[in-house]
Amino acid sequence: MKLVKAMWQEKIGGILGFILIFGGIFFFRGCGEMIQVYDSVTMKRENWSPFRELTADRSPKHQAQAKLIAGFYEAFPQKKRSPQTNQDVLETSDKYCELKAGITQKGQIFASMTGQLQRLLEEPSATSIADELLLNLVTIYALANSYLCPNRGVQVSIRPEAPKSYLSAVKQQGFDTQDVRSEFHQKPDATLLVAGYGSCADIYEMGFKQALENKTASFSNTHNIKVIYNAAHKHLCSDAK
């Protein structure tokens, strides 16, 4: 009887082990089909599994990229989310971080950004989208500076919402659109962004007071110059003296 009992216990144990092993497999497969994991960077949805959970990208860089992309769509809610847009944003961010890594003075980073913005402003094929294009670009730069490379190269203090705040301030402070060249009206925001970032390059180099004095000395009507420099100093380069 003891032998028979031992044999039954052995069989039952084997059956239970079989059930537990394969039951676990079917359970995880079932959970994987019911639970999907979404990656906001790649915009891919995949079935959850223990293996995928272990191999998921949780690196600080990936997390920073996710925050950057979320910040971009928060800044531009009208933008349609897509993997290609995410990739473009990240590639632009990487280029900014590479540029920033090789610069040691704050004025240089603003001068370099101003040069890029100026080239885009003068690109004939971009006239109709210049306002949107330049605002997108400087916002991505600010997001990259906040999330991807805050401590790389020169330390720049610029909030992701700063470019929009600067444009709003210029308009609220009474920028005179009549006292400008006719080309301004084709791409006003883009022109103001170039002027603002260029102002910050001057302010970092000479200080706010001297930079403003030098600039206004070249113009008879100084109102718009003062508006741009004050708004840029407050919103784009507030840590400059």
Next on the checklist: Nearest 0.5 angstrom please: Tyr147 OH to Ile69 CD1, how far?
Outcome noted: 12.0 Å

Checklist entry - What is the minimum heavy-atom distance between Thr127 and Pro124, and which atoms define it? => result OG1-O, 3.0 Å

Checklist entry - To the nearest 0.5 Å, what is the distance between CG (Leu135) and NZ (Lys164)? => result 6.0 Å

Checklist entry - Are any side-chain N or O atoms of Thr222 and backbone N or O atoms of Ile225, one a donor and one an acceptor, separated by less than 3.5 Å? => result no

Item to check | Selection residues 123-152 - residue pairs positive for disulfide (SG to SG under 2.5 Å), sequence neighbours left out | outcome: Cys97-Cys149

Checklist entry - Side chain of His223, backbone of Gly174: donor and acceptor closer than 3.5 Å? => result yes

Checklist entry - Which residue pairs pass the salt bridge (Lys or Arg N to Asp or Glu O under 4.0 Å) test when at least one of the two sits in residues 124-134, sequence neighbours left out? => result Lys79-Glu132

Checklist entry - Counting N and O atoms only, with roles assigned by atom type, does the side chain of Thr216 sit under 3.5 Å from a partner on the main chain of Leu212, one being a donor and the other an acceptor? => result yes

Item to check | side-chain hydrogen bond (donor to acceptor under 3.5 Å, both in side chains) partners of residues 150-163, not counting sequence neighbours, each pair once | outcome: Arg159-Glu161

Checklist entry - Once you round to the nearest 0.5 Å, how far does CG of Leu148 lie from CG of Leu90? => result 7.0 Å

Checklist entry - Side-chain heavy atoms under 4.5 angstrom apart, residues restricted to Ile, Leu, Val, Met, Phe, Trp, Tyr: same cluster for Tyr204 and Met206? => result no

Checklist entry - So which heavy atom on Ile140 is nearest to which on Ser93, and how close? => result CG2-OG, 3.3 Å

Checklist outcome for this item: CG (Leu192) and OH (Tyr166) are apart, to the nearest 0.5 Å, by 5.0 Å

Checklist entry - Which residue pairs pass the disulfide (SG to SG under 2.5 Å) test when at least one of the two sits in residues 166-241, sequence neighbours left out? => result Cys200-Cys237

Item to check | Within residues 222-241 or reaching into it, pairs that qualify as salt bridge (Lys or Arg N to Asp or Glu O under 4.0 Å) - sequence neighbours excluded | outcome: Lys106-Asp239

Item to check | Inter- and intrachain pairs under salt bridge (Lys or Arg N to Asp or Glu O under 4.0 Å), touching residues 167-178, at least two apart | outcome: Lys171-Asp189

Checklist outcome for this item: Heavy-atom closest pair (Leu120 atom, Ala126 atom, distance to 0.1 Å) is O-CB, 4.1 Å

Checklist entry - Residues two or more places apart in sequence or in another chain: which of them pass side-chain hydrogen bond (donor to acceptor under 3.5 Å, both in side chains) with Glu205? => result none

Next on the checklist: For the CD1 atom of Ile228 and the CG atom of Leu236, what is their distance to the nearest 0.5 Å?
Outcome noted: 11.0 Å

Next on the checklist: Starting from Leu121, can I reach Ile129 by hopping between I/L/V/M/F/W/Y residues whose side chains sit under 4.5 Å apart?
Outcome noted: no

Checklist entry - What's the shortest heavy-atom distance between Ala169 and His235, and which atoms? => result CB-NE2, 3.5 Å

Next on the checklist: Between Val154 and Gln105, is there a side-chain heavy-atom distance shorter than 4.5 Å?
Outcome noted: no

Could you give the side-chain donor-acceptor pairs of residues 107-117 under 3.5 Å, partners two or more places apart or in another chain?
residue: Thr114; atom: OG1; partner: Phe110; partner atom: O; Å: 2.7
residue: Thr114; atom: OG1; partner: Tyr197; partner atom: O; Å: 3.3
residue: Thr114; atom: OG1; partner: Gly198; partner atom: N; Å: 3.1
residue: Gln116; atom: OE1; partner: Tyr141; partner atom: OH; Å: 2.3

Checklist entry - CG of Asn136 to CG of Asp88: how many Å apart, nearest 0.5 Å? => result 10.5 Å

Checklist entry - Will you find, in the side chains of Ser168 and Ser165, an N or O donor that is under 3.5 Å from an N or O acceptor? => result no

Next on the checklist: For Glu91, give me all partners under side-chain hydrogen bond (donor to acceptor under 3.5 Å, both in side chains), at least two apart in sequence or on another chain.
Outcome noted: Gln87

Item to check | Listed once per pair and sorted, the salt bridge (Lys or Arg N to Asp or Glu O under 4.0 Å) pairs that draw on residues 207-222, sequence neighbours left out | outcome: none

Item to check | For Ser125, side-chain hydrogen bond (donor to acceptor under 3.5 Å, both in side chains) partners two or more places apart | outcome: Glu123

Next on the checklist: Quick check: closest heavy atoms across Ser218 and Asn214, and the distance to 0.1 Å?
Outcome noted: OG-O, 3.7 Å

Item to check | For Glu74, all residues meeting side-chain hydrogen bond (donor to acceptor under 3.5 Å, both in side chains), sequence neighbours excluded | outcome: none

Checklist entry - Would you say the side-chain atoms of Asn86 pair up with the backbone N or O of Arg81, donor to acceptor, closer than 3.5 Å? => result no

Checklist entry - Minimum heavy-atom separation for Val180 to Thr177, with atom names? => result CG2-O, 2.9 Å

Next on the checklist: Using the rule that Ile, Leu, Val, Met, Phe, Trp and Tyr join whenever any side-chain heavy atoms are under 4.5 Å apart, tell me whether Phe76 and Tyr96 fall into a single cluster.
Outcome noted: yes

Checklist entry - Any side-chain donor-acceptor pair under 3.5 Å between Asn224 and Tyr229? => result no

